[in-house]
Every structure is written in C-alpha cells, then in structure tokens.
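Both backbone and side-chain heavy atoms feed into the values below; hydrogens, waters and symmetry mates do not. Residue numbering restarts at 1 for every chain, and letters A, B, ... go by the order of the sequence lines.
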Amino acid sequence: MPPVITPRTLKGFRDLLPAQALAREQVLQTARQVYRSYGFAPIDTPALEYLEILTGKGSEETDKQLYRFTDHGNRQVGMRFDLTVPFARFAAQHIGAIGTPFKRYHLATVWRGENTQRGRYREFMQCDFDTIGTTSPVADLETVLVVHDLLEAIGLERFTIRLNDRRILSGILQTLGLTEQTTVVLRGLDKLGKQPAEAVARELTGHGIPAATADRLLSLAGLSGTATDVLAGLEPLVGAAEVGQAGIKALANLFTGLAAAGVPAGRVLIDPVIARGLDYYTGIVLESFLDEMPGLGSICSGGRYDNLAGLYTKQQLPGVGASLGIDRLLAGLEECDQLEGAETPADIFLAHFDHAHVADYLRIAAALRAAGMAVDFFPEPKKLGQQLKWAGKKGFRLALVIGSDEFAGGTAQVKHLATQQAATINWHGDLAVLVDAVHSQLEAGG
RNA sequence: GUGGCUGUAGCUCAGCUGGUUAGAGCGUCGGUUUGUGGUACCGAAGGUCGCGGGUUCGAGCCCCGUCAGCCACCCCA
C-alpha cells in the first residue's frame, strides 16, 4: 500500500462545492446579462502573458504579487493579476480591428501572490467591464448605472455606491500646495474609514505636511449628506483650482443623470475620501459596499482613466470601467447566510420507483428536458422515503412520483418538496399533457 | 512579505494544573415489516487530536518547525 497523499489546496486557493459554485455561476450569469443589456461585448485573453507585459507598469507592489516562472521555451511568463492590464495590451494590439468606442466585458480568474484574509484569495474571479475610446460623461454615467443595475440584479438589498472624482482631489491638493505629496495624501485619506483621524493626521504631518493643512484634508471625511451638500462643502476646499471645479461640475451632472435614469436617491453618494490606490485613475472613481459588511471592503470598484494602453501603443485610449469582485461578494453573502442553499441545478426530481418502468421514466425525463426543464432521474430503485429525503436535501423544487399504480391509471404525483403539498396529474399516457402539467406546477410553486 | 491569534470526528465545540481504550450536539448512514422526505424512537459508521520533530516514565494539553485559517500593517476585488 503506497502512502496516501494528503488532499489539500494551496493557501489562498480553494475548491467550490456545488452550493457555492451554483451561487457563483448565477452571479456570473447576472453580470453577463446586465453587461450585455448595455451593449458590452465579451472578450477573453490568456491567463499567461509575457512577463514584460504585466510588469510594464513597474509598480513594485504588483511585482511582488505576480506569479511568475520560466516556461519550457525559456520565456519569462507571468499569470495575470487583474483584467485591466491584459485589456490594455489587447486594446493596443487589436484597436485597428475593434474600432472606438469599444465596450467589452471580461469574466475571468486572476492570481495574486499576496497574503490572504477573509474575502481575499490568491485565486479569484473578476467581472470587468470598460468603455474605451471616449471621454464622454455619458460613458461615466453609464458605468455607474451598470454597477447599480448589476448589484440590484444580483439581489442585494442594501448596498451603497460611493463616488468621487480624482480631479476634485487634484484641485484640493493644488489649492493646498500639496501636489508633490499626492501619493502620501491619497494613501492617508484612503485609510480614514478604517483608522482614527488622529492617526492619519499624524501620518500626514510625519510627511512634512503642516498640521493646519492636514486638518483641512481631514475635514473632507466630515462632509456628508446629499450630493449637493457634499459638493457645496467641497467648493471652498477646491478654491480656484480649475481641475477641481471641473470635477465638481462633472459629479453634479452625473447625479442629475442618475436621477433621470431612475436610480433611487441614497443608493449612490459622494465620498470625497475615495481615491483608489491605482494611480492611473484621472476622473470619476467609485467603490461599492454591502451596508451590512463595510469591513469586507469594496465589492465593485472602478473609475475613469486618461490613457489605458500608453505602455503598449502611442495611441491615446481614454476609458472608464469597473470590476465586480465576485468571490469577495460571495464570501460576504455566505457569511450573512444570504446564499440560497440549493445543491442541484435541476428543478425536478424524478423518483426511481418501479424498476420495471425504467424505459418509461427515461421517456418522461427526455420529454421534460426537451421542454426546457432540468430533471434528475434517481439512478437506483431505493426506498421512496430515502429518495425523497435525498431530493429534499439537494433542494429540488418538485418531486415526480410515478409508480405502477400511477402508470396503470395514467396519473402522476407531483410533490412540492418545500411545502410537502402534492397534486395528482391525469395525463392518460400522453407525454405532452404531463409536460404541460409539470410545467404549470413549476410556475405555480413560486 | 511582517506581526498577533487559532487549528480536536462532515459542522459547532468540550477535554480540569500533561496520566489509562479522546467526548457531546448537529449532520451522515441503517432500522422502526410491503409505495412517500425534513418531527419522534433505536442503532451504526466516522478522529494517527492539521502535519513533522523534541521534552517526559507518559502529550490533545509543554517547546521548536511547518502547513492552513482569521486579524492588523501593506495593498486591493
């Protein structure tokens, strides 16, 4: 007997059981539907890229997190750590074929060799969508609308989209004379949600920023209320800086658009502290949070950038987009027990009751499937009670019980597994009648 | 990557200052006589106490390492 190998998965990598995989697939399907409803088209790119493509940005952080290796052809290879960089390469390479404006979505797995935490894995999926080749505010508005529609379509009850515009921050930094310390300031502001204001203030003054200036920056966090209120509060901080004024105006217009599109007030608000770590954002930036779990972090983030593919082409490609972190979202929902527990994708359980009628069962199952219903036919003629117990646990909606008595009488029993209510169908051996009856039972079952 | 906490049956945990064959609830499986589940009763299976090493007459309990999870920093989905 050879020793068994311990079954295990790598840190940050995990298996999905049916309930989790079904939940993920359902969200993916929702994302596809919403993205497509706005005209975004799917693309795909390889999981592996030439290392130079991925490290081109030169950020040491991504360098550290990259999974990299040398392949058998002695090529330096990296695994993609997001979908934006591969998209930039893709756009640069194919812009002649796709033309602008171009709207794409991309649902795929990415890998980051960073430390794990709740909702943070080393392998996870992102659901990106972007519009490139236009600087129109309509595209910005549409991005927010897509995020809103998506979160709503997923069935989230309580979520908040937080919006800001990098130009406002730029304006404030200009007015305060802190343009040189942009990185330090934005990083500090980003922490305001998690850390006490004093700690952030200390960090800022530690970088040589005068205490009075730091206080003005921190006052950003105190701004709250409606979009109009917050923007009014930002005016004096932005002062005469033109970029900042442009940002304020853009956000004001954006909120007008959101209202026109029917987004409920309160779903989207302005958070002047949102900056987003990535340095390529230049216009609006957004993050979204589950109201119940702010600690989970943003589940859907994005923004506008001036030049997506500058590393790979001379052509300037502005764009705007966002990304849903589906695994983080699902981790959050699972923790709140908000995931549906079904372990089967099929609605109908067909009991294997009378072994002599296997051919009939197969015929019935085929007819139901042909009508678009998913049917699971139990493989063995176990005791009916056990079959029903199994079916109930798996989360089927209907159980179809047809034994020799039913076959003799041309009837069938349909059982709603959740409520235990049963109905008798008279189909007289006519499959079409049976299919219709089962279908209407499914609809009725809610 | 750095620091802190944690790791006992599928799940949630108990296991007194280290001492004989490691327990409970839930779940799973089987049964409570012939064709009907989630309630009740009976019974069974399932753990080399994450893994490896050390200290000890003796370790689930102590020490070291390692792997994994959680939290913070960092960064982000």
Side-chain angles (χ1 to χ4, degrees), chain A residues 3-14 17 27 31 59-66 81-84 107-128 147 183 186-188 190-191 194-195 199 203 274-279 281 285-290 295-302 322-332 335 341 349 351-355 357 378 381-396 398-408 413-422 424:
Chain A
V4 283
I5 298 164
T6 308
R8 57 187 186 147
T9 54
L10 286 165
K11 180 185 178 74
F13 291 71
R14 56 246 228 274
L17 271 57
V27 175
S59 148
E60 52 185 86
E61 196 60 41
T62 51
D63 262 30
K64 272 189 344 201
Q65 296 183 355
L66 255 179
F81 62 90
D82 71 7
L83 300 179
T84 306
L107 317 180
T109 306
V110 302
W111 297 269
R112 293 183 194 175
E114 67 176 332
N115 241 342
T116 55
Q117 243 174 76
R118 178 185 8 127
R120 297 175 68 155
Y121 311 103
R122 290 184 168 175
E123 177 182 66
F124 59 96
M125 284 197 89
Q126 292 193 316
C127 309
D128 276 37
V147 170
T183 315
L186 295 190
R187 191 168 295 166
D190 232 13
K191 287 181 193 167
K194 289 183 147 190
Q195 284 182 23
E203 186 176 329
I274 300 258
R276 312 275 315 126
L278 298 173
D279 36 32
Y281 287 119
V285 285
L286 68 92
E287 300 192 334
S288 339
F289 297 85
L290 298 179
L296 188 66
S298 174
I299 50 166
C300 188
S301 323
S323 177
L324 172 73
I326 185 171
D327 290 300
R328 175 177 288 185
L329 168 65
L330 290 170
E335 199 160 319
F349 174 76
H352 190 149
F353 202 163
D354 187 340
H355 196 57
H357 282 100
F378 202 76
K382 253 189 166 180
K383 292 177 75 171
L384 190 56
Q386 293 175 359
Q387 293 190 47
L388 287 172
K389 189 177 175 188
W390 183 86
K393 201 192 105 198
K394 292 290 177 184
F396 292 93
L398 293 184
L400 213 50
V401 180
I402 313 175
S404 47
D405 291 355
E406 282 82 1
F407 278 117
Q413 231 186 96
V414 186
K415 198 160 180 174
H416 291 260
L417 285 163
T419 61
Q420 209 159 187
Q421 288 178 323
T424 301

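Note on A:Q386: only backbone sugar-phosphate atoms sit closer than 4.0 angstrom, heavy atoms only; bases stay farther off. At a threshold of 4.0 angstrom between heavy atoms, the contacts of A:E406 include nucleobase atoms, whether or not backbone atoms are also involved. Residue-level contact check: A:R187 touches the backbone only, with heavy atoms under 4.0 Å from sugar-phosphate atoms and none from bases. A:I326 comes within 4.0 angstrom of no nucleic acid atom, judged by non-hydrogen atoms across all strands. Within the 4.0 angstrom heavy-atom criterion, base atoms lie near A:R328. Within the 4.0 angstrom heavy-atom criterion, only backbone atoms of the sugar-phosphate kind lie near A:K383; the bases stay farther away. Using a 4.0 Å heavy-atom criterion, one finds that A:S404 contacts the bases of the nucleic acid, with or without backbone contacts as well. Among the protein residues, A:K394 comes within range of no part of the nucleic acid, since none of its heavy atoms lies under 4.0 Å from any strand. Using a 4.0 Å heavy-atom criterion, one finds that A:D327 contacts no nucleic acid atom at all. Residue A:G12 is in sugar-phosphate contact alone, with no base atom involved, counting any heavy-atom pair closer than 4.0 Å across all strands shown. When heavy atoms are screened at a 4.0 angstrom cut-off, A:A322 is found touching no nucleic acid atom at all. At a threshold of 4.0 angstrom between heavy atoms, the contacts of A:G392 include nucleobase atoms, whether or not backbone atoms are also involved.
Rounded to whole Å, the separation between the P atoms of B:C71 and B:U32 comes to 48 Å. Taking atom P in both B:C61 and B:G54, the straight-line distance is 14 Å, to the nearest Å. B:G46 and B:U2 are spaced 42 Å apart, taking the P atom of each and rounding to whole Å. When the C1' atom is used for both B:C13 and B:G7, the distance is 13 Å, rounded to whole Å. B:A22 and B:A9 have their C1' atoms separated by 10 Å, given to the nearest Å. The same atom, P, is picked in B:G60 and in B:U21; the two are 10 Å apart, to the nearest Å. Using atom C1' as the reference point in both B:G1 and B:C64, the two lie 22 Å apart (nearest Å). Rounded to whole Å, the separation between the C1' atoms of B:G19 and B:C62 comes to 15 Å.
In this structure the side chain of A:I402 reaches within 4.5 angstrom of the side chain of A:F407, judged on heavy atoms. The shortest side-chain heavy-atom distance between A:W111 and A:F13 falls under the 4.5 Å cut-off. Annotation: side chain of A:L290 is in contact with side chain of A:L329 (closest heavy-atom distance under 4.5 Å).
In this structure, the CG atom of A:L388 is 7 Å from the P atom of B:G37, given to the nearest Å. Remark: C1' of B:C76 and NZ of A:K64 are 13 Å apart, rounded to the nearest angstrom. Here B:U66 presents its P atom at 14 Å from CZ of A:R8, a figure rounded to the nearest Å. The CZ-C1' distance, from A:F396 to B:G38, rounds to 15 Å in whole Å. Between the CZ atom of A:R118 and the C1' atom of B:C75 there is a distance of 17 Å, rounded to whole Å. The CE atom of A:M125 sits 18 Å away from the C1' atom of B:C76 (whole-angstrom rounding).
Both thresholds, 5.5 Å between centres and 30° between ring planes, are not jointly met by A:W390 relative to the base of B:G37, so the two rings are not stacked.
Counting only distance, with no hydrogens or angles, the side chain of A:R112 and the backbone of A:F81 share a donor-acceptor pair below 3.5 Å. Of the possible donor and acceptor atoms, one in the side chain of A:S298 sits under 3.5 Å from a partner among the backbone N and O of A:S288. For the pair A:D354 (side chain) and A:G403 (backbone), a donor-acceptor distance under 3.5 Å is absent. Here the side chain of A:Q387 pairs a donor or acceptor atom with the backbone of A:K382 at under 3.5 angstrom.
Annotation for A:I274 and A:V285: closest pair O-CG2, 3.8 Å, computed over non-hydrogen atoms.
Listed nucleotides: B:U28, B:C75, B:A77. Nearest to the side chain of A:Q65: B:C75. Which of B:G37, B:C75, B:A72 sits closest to the side chain of A:L417 comes down to B:G37.
The 5' end of RNA chain B is approached more closely, in terms of each residue's nearest nucleotide, by A:G385 than by the other of A:G385 and A:G297. Two residues, A:S323 and A:Q420, neighbour RNA chain B, and the one matched to the more 5' nucleotide by heavy-atom proximity is A:Q420.
Just one of A:Q386, A:K393, A:K394 meets the side-chain contact (heavy atoms from CB on, under 4.5 Å) condition when paired with A:W390; it is A:K394.
For RNA chain B, runs of at least 3 consecutive pairs of the Watson-Crick or G-U wobble type, with both hydrogen-bonding distances under 3.5 angstrom, map to B:1-7 with B:67-73, B:10-13 with B:23-26, B:28-32 with B:40-44, B:50-54 with B:62-66.
Distances shown here put a side-chain N or O of A:K11 below 4.0 Å from the OP1 or OP2 atom of B:G69.
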